[in-house]
Amino acid sequence: MSKGRAEAVAEACGILLRYLQEQNRPYSAQDVFGNLQREHGLGKAAVVKALDQLAQQGKIKEKMYGKQKIYFADQEQFDMVSDADLQVLDAKIVALTAKVQSLQQSCRHMEAELKELTSALTTPEMQKEIQELKKECAGYTERLKNIKAATNHVTPEEKEQATELSDAILEGYPKSKKQFFEEVGIETDEDYNLKLPDP
């Protein structure tokens with residue numbers, strides 16, 4: 001065996017032993033090569049040789065499944081896990097799963113709120129809308145003011161004086177009251193279908 005190949009196998013042994021211990025699951029030589037080749041640039045021959053060497057040294061275990069060898073870390077190096085420890089781990093998994101679901105729900109709420117905010121009016125648009133409403137309100141206020149001024153234009157006293165004056169004139173007038181009003185251009189409430197309450 002050339003020196004270069006021996007060094008490659010020695011390097012592969014360290015990488016593969018660490019990988020199998022960290023993953024702690026069975027792999028075929030092809031699986032290991034496929035998983036580590038890109039990251040470490042290991043050749044397939046070096047991977048196969050390194051796995052066989054580690055197995056012979058007792059650092060990893062190997063088993064035959066049909067025509068294929070499977071390699072995995074020696075389980076004796078790991079601490080035994082009791083049923084109580086497993087229950088604690090299961091409880092942690094349940095708690096973490098619930099937390100993940102809660103966070104996902106919060107994210108969905110925040111996404112919906114963000115969507116609602118982005119679709120709402122911007123500040124300049126809101127200011128423009130407020131100005132339009134103020135103008136409209138001012139218009140209605142002015143109209144109301146004019147209506148009030150028109151209704152309060154003639155006081156009851158002034159109306160009574162006008163009525164007395166017209167009655168005095170009508171005493172010597174040969175035509176009807178309505179005809180007199182039409183001739184002099186006086187408009188009455190009756191012309192506008194208005195009826196004042198009795199005093």
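With sequence neighbours excluded, the residues forming a side-chain contact (heavy atoms from CB on, under 4.5 Å) with Q105 are R108, H109, listed by chain and number. Qualifying side-chain hydrogen bond (donor to acceptor under 3.5 Å, both in side chains) partners for Q30, counting only residues two or more places apart in sequence or in other chains: K44. Applying the side-chain contact (heavy atoms from CB on, under 4.5 Å) rule to Q68 yields the partners S28, I70; only residues at least two apart in sequence or on another chain are considered. Listed by chain and number, the residues in a side-chain contact (heavy atoms from CB on, under 4.5 Å) with E116 amount to none (sequence neighbours excluded). In this view, E62 and K69 satisfy the salt bridge (Lys or Arg N to Asp or Glu O under 4.0 Å) rule, not counting sequence neighbours. Applying the ring-ring contact (aromatic ring centres under 6.0 Å, His included) rule to Y71 yields no partners; only residues at least two apart in sequence or on another chain are considered. Not a single side-chain contact (heavy atoms from CB on, under 4.5 Å) links L96 to another residue, sequence neighbours left out.
Within 6.0 Å of CD in Q57 there are more than 12 heavy atoms belonging to other residues, nucleotides or ligands.
No continuous path of ILVMFWY side-chain contacts below 4.5 Å connects V32 to V48, so the two sit in separate hydrophobic clusters. The hydrophobic clustering, which links ILVMFWY residues whose side-chain heavy atoms are closer than 4.5 Å, places L20 and F72 apart.
In this structure, A12 and A46 approach most closely via the heavy-atom pair CB-O, 4.1 Å.
Counting only heavy atoms from C-beta outward, the side chains of I15 and R18 approach each other to under 4.5 Å.
To the nearest 0.5 angstrom, E113 atom CD is 9.0 Å from M110 atom CE. Annotation: the span from E11 atom CD to L42 atom CG amounts to 6.5 Å, rounded to 0.5 Å. Here K59 contributes atom NZ and C13 contributes atom SG; the two are 7.0 Å apart, rounded to the nearest 0.5 Å. Rounded to the nearest 0.5 angstrom, L36 CG and L16 CG are separated by 6.0 Å. The CD atom of Q53 lies 10.0 Å from the CD1 atom of I60; values are rounded to the nearest 0.5 Å.
Evaluation of the ring pair (Phe, Tyr, Trp, His ring centres under 6.0 Å) test over residues 21-56, restricted to residues two or more places apart or in two chains, returns Y19-Y27.
Without hydrogens or angle criteria, S102 side chain to A98 main chain gives no donor-acceptor distance under 3.5 Å.
For the side-chain contact (heavy atoms from CB on, under 4.5 Å) with L17, the qualifying choice from L51, L54, D74 is L54, the only one to do so.
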